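Shown next, in structure tokens, is the structure this report addresses.
Just so you know, these numbers come straight off a predicted model, no measurement behind them.
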Amino acid sequence: MKMNRKLSWMLLATMTMAFVQCKDSGDDVEPDDENELITSVTLKFTEQGTSNVSTFSYKDADGDGGNAPTKFDTIALKPNTTYTLAIELLDESKSPVDDITKEVEEESDEHLFVYTSSPAALLTYTYGDKDKNNYPIGLTGSAKTGAAGHGTLKVQLRHQPGAKNGTPTPGSDDVNLDFHLKVQ
Amino acid sequence: MILFLQRCNKKNVTRCPRLRMPAVRFSLLILLLSLFSRTAIAQKPACECFVKGVVKDQHTGQPLIGATVLIVGQSTGVFTDQNGRYELRNLCPGNYTLECRIIGYSPFQQKIDLTSGHEENFNLLEQEVHLHDVEITAHRTDAPSSQPLTTISGADLDKTRGQTLGESLKGVTGVTTLQTGSSIAKPVIHGLHSNRVLIMNNGIRQEGQQWGSEHAPEIDPFIATRISVVKGAAGVRYGSDAIGGVILVEPEELPVDKPITGELNAVGFSNGRQGVLSGTVQGGLNFVKGFGWRAQGTIKRGGNIRTPNYYLDNTGISENNFSVAAGYRHKGLGIDVFYSRFDTQIGIFSGSHIGSVTDLLNVIKNGEPFVKSGFSYAINRPNQNATHELLKAETHYHFNDGNRLQWTIARQYNNRNEFDLHRPRNDSIAALNHPELTFKLTSLTNDVVWDHKPLAGKISGQVGVSTLYQYNLMSGRPLIPNFNQFNIGLFWIERYVTSKWELEAGLRYDYRTLKTYRIVNREKIADHFDFSNFSGTAGATRNFSERFSARVNVGTAWRAPNVSELFSDGVHHGAAAYEKGDATLQPEKALNSIASVKYATPKWSVEIGGYYNYIFDFIYLKPQPEPILTIRGAFPYFKYTQTDASFKGIDVSGSWEFVKRMTISSKLTYLRVYDERNEGYLVMIPPNRLDNALKYQLTDRGKWKDGFISIGNLLVAEQKRVPANSDFLPPPKAYSLWSLQAGATLKVSEKQQLEIGVNVQNLFNTVYRDYLNRFRYYADDMGRNASLRLKWKFGA
């Protein structure tokens, strides 16, 4: 009996030891690590047959929230003109800057860019690239402007892992921006 | 343990209906008595019956001094003496309900039969005859006695086996659930949930990432043989967070020096083709006196859930849990050690991931998910896996004079990993398959409680000190900061108990210090917060008669703002909302008044409770006029803000045996919540509900006992009290669900029994959506779900 009691006190003491290991969480703060962050979207319009390049960007270097976006350009294009449209995505919160365009290109069978102008007649987009399943991607393509007018150009990057079928419906938005569009 | 010995006037005898007396020294007596009981005699009864016995703590076997033993409905009541003995004399033959109460223990009622017994008349000479003895297990409890306490145990708990903790509590009036799909359910008490409901897991505050509405409590309900709900603010005994109520998950006492017993539960559900297997083995040790142990384990596997019209992709679940416990008792000393590990992996419906508001509006417009699926057990992204470990050691000592000291230490480690739908685009990072969110929370708790000996046999009480130290480590997508937190609480509760009245009052002081660490623009920023609070409680219970009792309680509780409320800053992808914290938030304080009356006869009973919970500085997400622009478009902007909110409600439950064996029962849960400062409503308040059931009790046949068939209907109203323009979708319409249940017990032998239960939920495969299911934007709720439950008990 005495033995038992001694044993149980020893057990209790051991348990207590196990409980008193304290730690400071401040020593272990890890830097933010958002895998899918995109901080800037740049549209590069090259007038066909010329080397006139106009670029328009959205930039929010610190990602969602925090500081407000630093840049959200209005797209200004000439009427009735055909442009080559290329898109560039960056994560500028990392150093060195992370080129997301390349990553989208590598996984092109899971991504689809969608360009929608409103009103629809303002700009017509035609895809200029295809993934391994023969579905469009939208990293490059051509944009044909209509008559002069004002509106918006919605730029979406649809992330569609395992579900890409050439339509925008599956998946979810990684980018969803409404650029002001001026055709004049 | 409370032992009742009862006797009627010497010549009248009944047969012993139950003979369950564990103590060895009584076994011989039982043997003798059972011999006599078959040859008994009955004569005209006279009021010379008496009941006597001894009241003991089931834990230690020590006698309990100053316990009240009373006959419900009569003014007869006595206290136990220095040896825990009591005696009630001059009782007429008849049926009585004996009640035993003592501070710190659950009140216990036992029906006793003092009739002159059997029809058969036997001739028995002057033998002194024992009628029957009843073993009652008294559990220690710290729940305030003047607050409504609903306990699910025994057959009622068995009916919920296989479900999550949140789901198991759905049958309690005033309790609903906050769900994320069908596999994640958080209990909601009187409209409050998450950090406003405290869960005591085997006597220890459950510390996980409770702030998250999709973080269900990491507890295996199979650990418990009793799950109780304390409704209303109970901050004095339990400390911070007990604003809406407390859930007590309690295992059975360890079977010290008892033979090996066990049970095996198997449950199969048609929806999700889910299977649950759980087993428990327990006993004492032959060669060590005073020793008891238990081992328990549960395995659960489930696949995609089906709504009436389609499967929900990636909604499987996998769970592996186990626990071991051992204890030692010697005279007044008791030591218990407990370890449990809960490990779950839950698939999150892939159609609930949305990138932008446009995505959400498209799904709502479509009326059903874009993602189509068949059945599968596979759990892919998005998913969450959480493990929770609890190591606890408790020791207590009963002093000979009636004082008691208890010391409990516990260490919890909660490790939660959440995987987003999309793996990183960068292949080399994706190959690592790291979770996008990782939380590691370690909590150390320490409680010392002193129960002083009863004063004048009527006043008893306890003082205690509780400490909590915890640290949180977070990695992945920035969400909440790392933090260290220390809390100390001191409390004192006194209770005055007579046969008619029970009065209690208590006071508590809490101090909390919180340090947070986060990275802002690549620099480490530390913040420091101090919170302190006084809580109080006062209550009374009055037993007017056997049938009629009333209780009233006024209590306060508090809650310090959690790190997510202080520092959130980002898009909540489940809710398509931009949520921003506020580091200047102050603790919220609840003042809760609650009153209830209960009237019960053998044929019918009714209990009506009303409450008014006023919460000062209630923290909520307030919609801001301007949206926040992000790369995924503009999101509605919500900021954590404080207001004063009132929660008023009524809980009614009643049952009526209107024909023999046929019982109808009803439960009504009514709640009104108002934002007093802004004169408006608040979001995510459970709608009112009415639960009706009709039950037919079958007659016992041979070895089949306790058979029943019941049909139930749940009516859930539409929540019409919502603030305008605060949601993408108005609350869903009212719905009505039918269910069917049947069950019976097969006594295989003296030591073995098999319980069988059948249950069909959503009998007519009704299409519905629930306001408190966060998936209501994306998909319908679960369709028909039939289940078969088997429980095999052995050695009992």
Side-chain angles (χ1 to χ4, degrees), chain A residues 1 4-5 7-9 11-12 15-16 18-41 58 60 62-66 68-69 72 95 98 100 103-104 106-107 110-111 154 156-159 161 163 169-178, chain B residues 288-290 328 330 333 335 337 353-359 362 370-371 391 393 395 409-411 420-427 429 436 442 444 446 469 471-478 481-484 515 517-522 524 526 569-571 578 580 628-633:
Chain A
M1 205 46 73
N4 277 336
R5 195 183 280 193
L7 262 173
S8 40
W9 282 117
L11 184 72
L12 208 69
M15 292 281 297
T16 316
F19 287 108
V20 287
Q21 3 145 320
C22 290
K23 194 168 179 174
D24 188 9
S25 69
D27 303 337
D28 283 302
V29 188
E30 288 180 31
D32 300 347
D33 172 28
E34 184 151 13
N35 292 320
E36 283 199 275
L37 192 64
I38 301 171
T39 61
S40 82
V41 175
Y58 170 93
D60 186 3
D62 63 346
D64 296 351
F72 200 178
S95 99
D98 203 355
I100 308 288
E103 292 175 6
V104 170
E106 281 164 10
E107 289 185 3
E110 295 188 356
H111 291 90
K154 185 187 271 299
Q156 281 171 281
L157 171 58
R158 303 288 299 165
H159 197 168
T169 312
S172 59
D173 283 335
D174 276 355
V175 172
N176 184 321
L177 290 170
D178 286 313
Chain B
V288 188
K289 205 172 170 298
Y328 174 69
H330 179 64
L333 175 75
I335 296 174
V337 183
H353 177 96
I354 50 140
S356 66
V357 173
T358 325
D359 284 347
N362 284 339
F370 289 111
V371 184
L391 178 62
T395 181
I409 43 175
R411 180 180 194 273
D420 289 350
L421 173 63
H422 300 151
R423 59 173 54 80
R425 282 196 195 82
N426 185 312
D427 285 339
I429 298 177
E436 274 66 37
T442 309
L444 307 163
N446 202 335
Y469 175 77
Y471 55 90
N472 184 54
L473 304 175
M474 145 111 227
S475 58
R477 183 150 49 82
N482 280 3
F483 64 84
N484 299 343
K515 265 188 188 157
Y517 303 93
R518 62 209 160 105
I519 305 269
V520 178
N521 296 328
R522 287 169 214 193
K524 187 164 109 179
D569 194 2
V571 173
Y578 191 94
K580 192 167 169 57
I628 285 250
L629 183 65
T630 76
I631 198 127
R632 291 183 173 98

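Neither the backbone nor the side chain of A:P170 comes within contact range of chain B; no heavy atom of the residue lies under 4.5 Å from a heavy atom of that chain. If you measure heavy-atom distances from A:D178 to chain B, you find no contacts under 4.5 Å at all.
Partners of A:H111 by side-chain hydrogen bond (donor to acceptor under 3.5 Å, both in side chains), not counting sequence neighbours, listed by chain and number: B:R425. Partners of B:Y517 by ring pair (Phe, Tyr, Trp, His ring centres under 6.0 Å), not counting sequence neighbours: none found.
Panel note: side chain A:R158, backbone A:T169; a donor-acceptor pair is recorded below 3.5 Å.
For the options B:I628, B:L629, B:D569, heavy-atom pairs under 4.5 Å to chain A are most numerous at B:L629.
The residues B:R632 and B:D359 are annotated as not salt-bridged, no charged nitrogen and carboxylate oxygen being separated by less than 4.0 angstrom.
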